[in-house]
Amino acid sequence: MVDERRVRILREGNVGSGPVLYVMGRDFRAQDNWALLYAQEQAKKHKVPLGVLVHFGRNLVQTNERHHSFLVEGLQETATELESNGIPFFLTFGNWEQEVKQFVEVHEIGLIVTDFSPLHESRWWWDEVSHGVAVPIHEVDAHNVVPAWLVSDKQEFAAYTFRRKVHKLLPEFLVKFPKLEPHPYDWGVSKTACWPRGVDKNGCALIDWEGVRKFRKFDSSVRPVTSIKSGGKTALQILDIFIKEKIKNYDQYRNDPTRDVLSQLSPYIRFGQISAQRIAYEVKKLRRDVKSRDSFLEELIVRRELAENFCFYNDNYDNFDGVPSWAKESLSEHKKDKRDYIYTLKQFEKSETHDLLWNAAQTELVENGKMHGFMRMYWAKKILEWTKTPEEAIKISILLNDRYSLDGRDPNGYAGVLWSIGGLHDRAWAKRPVFGKVRYMNYSGCKRKFDVETYIQRYHGSSVNV
DNA sequence: ATCGGCTCGCGCAA
DNA sequence: TGCGCGAAGCCGAT
C-alpha cells in the first residue's frame, strides 16, 4: 500500500471509468517507483488498465544531446520492463495540447498520476495541463524518501533544522519497496494511437528508438558521455560495487577528488533510473563501516532532500534573490570590490583561466559529464571571485552545470550553486573582499586536503576520459 | 599540528 | 530572552 501522504491532488474530481495513465516526468523507472505503484493500486481498485506515458516537448532549450541520449537509452529498458508487466508504454511529442490532451480524450483516461518535481518547468507544465484536461490528476512524490510537502511546510534554514524533521519520519518512510506485479487488466495495445503510430506483430506499440533519439533539435556540441552507461540495471550494478568495494573509504576520502570512493549514482538518481530510497535501504543494512555508512546516508537523504525542500519553497532557487538576506546584503556591499581576474562565460567554458586546478575541474565537467563533489564548491566559489557580480556568477555556474553535468537541471545543482556563491544553508564567516561574509575557499585549502597535482594531471588536455 | 576567532540567526530552553 | 551551534574553511598565533 502506498502511503497516502505521498500523494497530492493536483486536480480534483472523481476517477472515471477509463484506464489509469501514469505520466512519467521524472522517475523514469519501473521498479521502486511509488508513483507507478500508486497508479497500479488505483487501476486495480477500479478494475481498469494501466499505461505509462512520457511526453517530450519541443522547446526545452537547456536539453542537449548528452541529456537526451542518457534519458532515451534508459527509457528503452524501462519501457520493456513495463510492457513485460502488462503496462503499455507510450510516447508523445511536441505540443502537449495536441498530444497529451488528445491522448487522454481518445483513450478516455479516468485518472492521471504523475511524479513530483519541485522545479518550475514541471510545476508550470502541470498547472497548464490541469486547466486543460477534465480528468483528476494525482501527484506522487516518488523521488524523495520522505515526501517534500510532509517533511517540512516551509523553506528550511539549514541542514540542522531539516535533519531532525527527516529523521523523525524516516522509520515510517524508509521501507522496503513491493515488487511491481503484472497488471491484470489489459489495455488492448492494438488500439494505441501514439507516435510513432502502429504496432508490431505481437500487438505491441512500435517505438522507433533511433528516431526518438534524434527527434529533438538541440545543441549537439555537448556530446553524450561514453564513460557513463545509462539505465536502471547499470545503476544497480554501480550500487553493488559501491557497497562492496568503495563505501568503506567514503568517510575518510569523500573530499579527495583524486580517490574513487563516491557512489557515482547521481545521474541515475537525477533521471530516476534508480530510487534514492532503494539506495538508502540497501546501504542502511550495512553493519560494517558504520561511520562511512552514516555520512553517505547524510548526503543521500538529508542534504539531497534539503535541496528539494529549497526548490519547493523558494521560487528563486536559481538566481540571486534566492540567497539568504545576510548574504545578499553582504555580497551587495562587496559588489564593487576589485577582482584580480575577470573571465567571460566562454573563457570559463573552455577552461581558460589562470588556475590549472579550476581548469581541470571544468574539463572534468565538460568531458565526463560530472564533477567531484568537493571540486564543485571550489569551482563555483572561484566563479564568484572572477566575475563582476554575484548575479552573473550564479548565472554562469548554473548554465555550465545544467549544460554539461549529467545530473544538471536538478535541485541538487541549484542548491549547490547557491550554497557556494550565496551562503545558502551556511553561516556567515569572516569578511573578505568580493565574498563578504560568504564562506571562502582557496587553492591552498585544496593543497592541504589532497594531491592537487594528481588531479590536474588527470584532466590536463582536452580529450581525457578516465 | 592544533586552536580560536570570524559572524548570523534559528530554534529550543527557560 | 539567552544560548548553543551549524553544508564540507581560512588564517594567524602558538
Side-chain angles (χ1 to χ4, degrees), chain A residues 151-168 249-259 261-263 266 276 291-311 313-314 317 322-334 337 340 355 357-358 361 370-385 394 397 401 407 410-450 452 455:
Chain A
V151 62
S152 172
D153 58 4
K154 59 170 188 180
Q155 183 190 325
E156 289 297 325
F157 181 74
Y160 73 92
T161 62
F162 187 66
R163 189 176 295 114
R164 325 178 244 265
K165 298 187 181 183
V166 174
H167 279 289
K168 210 174 88 188
N249 296 316
Y250 185 82
D251 191 55
Q252 192 183 355
Y253 291 126
R254 75 197 145 104
N255 283 335
D256 182 340
T258 68
R259 312 225 181 213
V261 303
L262 305 187
S263 74
S266 70
K291 226 174 149 189
S292 283
R293 177 196 68 189
D294 291 344
S295 50
F296 176 75
L297 289 174
E298 163 79 10
E299 308 259 344
L300 177 74
I301 302 172
V302 177
R303 298 193 196 175
R304 195 183 47 76
E305 300 196 2
L306 177 61
E308 300 264 331
N309 165 274
F310 172 60
C311 294
Y313 289 111
N314 195 321
Y317 59 73
V323 315
S325 48
W326 65 265
K328 203 184 280 181
E329 282 159 28
S330 185
L331 286 165
S332 298
E333 268 174 44
H334 289 267
D337 290 359
D340 289 334
D355 178 353
L357 178 60
W358 193 94
K370 65 190 171 75
M371 191 190 300
H372 189 280
F374 186 81
M375 292 311 296
R376 289 180 193 228
M377 299 187 281
Y378 178 79
W379 175 85
K381 282 180 184 290
K382 292 297 126 176
I383 294 177
L384 169 63
E385 199 173 331
I394 289 172
S397 306
N401 187 58
D407 63 16
D410 185 75
N412 274 314
Y414 302 122
V417 167
L418 266 61
W419 179 87
S420 303
I421 296 175
L424 173 73
H425 299 148
D426 203 5
R427 49 183 280 206
W429 298 85
K431 273 190 205 165
R432 306 186 60 98
V434 185
F435 284 78
K437 295 169 188 168
V438 171
R439 184 195 299 258
Y440 178 66
M441 283 175 78
N442 64 5
Y443 192 93
S444 24
C446 295
K447 253 165 82 173
R448 250 180 275 125
K449 289 182 185 68
F450 63 93
V452 168
Y455 183 77

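Excluded from the calculations below are hydrogen atoms, water molecules and symmetry mates; all remaining heavy atoms, backbone and side chain alike, are included. Residue numbering restarts at 1 for every chain, and letters A, B, ... go by the order of the sequence lines.
Scanning both residues, Lys382(A) and Met441(A), for their nearest heavy atoms gives NZ-O, 3.0 Å. Contact detail for Phe435(A) and Leu331(A): the closest heavy-atom pair is O-CD2, 3.6 Å. The nearest pair of heavy atoms linking Ala307(A) to Ala415(A) is CB-CB, 3.6 Å.
Distance CD (Gln155(A)) to P (dG9(B)): 14 Å, rounded to an integer number of Å. Atom pair Met441(A):CE and dC6(B):P shows a separation of 22 Å (rounding to whole Å applied). Rounded to an integer number of Å, the gap from Lys449(A) NZ to dA1(B) C1' is 15 Å. Distance, Lys437(A) NZ to dG5(B) P: 19 Å, rounded to whole Å. Taking atom CD of residue Glu329(A) and atom C1' of nucleotide dT7(B), one finds them 14 Å apart after rounding to whole Å.
Between Trp358(A) and Trp379(A), the ring-plane angle classifies as parallel under the 30° and 60° cut-offs.
Of all the residues in residues 298-310 of chain A, not one reaches under 4.0 Å from DNA chain B with any non-hydrogen atom.
When heavy atoms are screened at a 4.0 angstrom cut-off, Arg254(A) is found touching no nucleic acid atom at all. Residue Met377(A) is classed as a base contact, given a heavy-atom separation below 4.0 Å to a base. Tyr160(A) comes within 4.0 angstrom of a base, heavy atoms only. Nucleic acid contact for Lys154(A): sugar-phosphate only, since backbone atoms but no base atoms lie under 4.0 Å from a heavy atom of the residue. Note on Asp426(A): only backbone sugar-phosphate atoms sit closer than 4.0 angstrom, heavy atoms only; bases stay farther off.
The pair Arg303(A)-Glu298(A) meets the salt-bridge criterion, with a side-chain N (NZ, NE, NH1 or NH2) lying under 4.0 Å from an Asp/Glu carboxylate O.
You can see that DNA chain C meets the heavy atoms of chain A within a 4.0 Å-exclusive cut from dG6(C) to dC11(C), reading 5' to 3'.
When each of Asn412(A), Asp407(A), Asp410(A) is checked for a side-chain hydrogen bond (donor to acceptor under 3.5 Å, both in side chains) with Ser266(A), only Asp407(A) meets the rule.
The side chain of Trp326(A) lies closest to dG9(B), out of dG9(B), dG11(B), dC6(B).
Regarding contacts with the backbone of dC6(B), every side-chain N or O of Lys431(A) stays at 4.0 angstrom or more from both OP1 and OP2.
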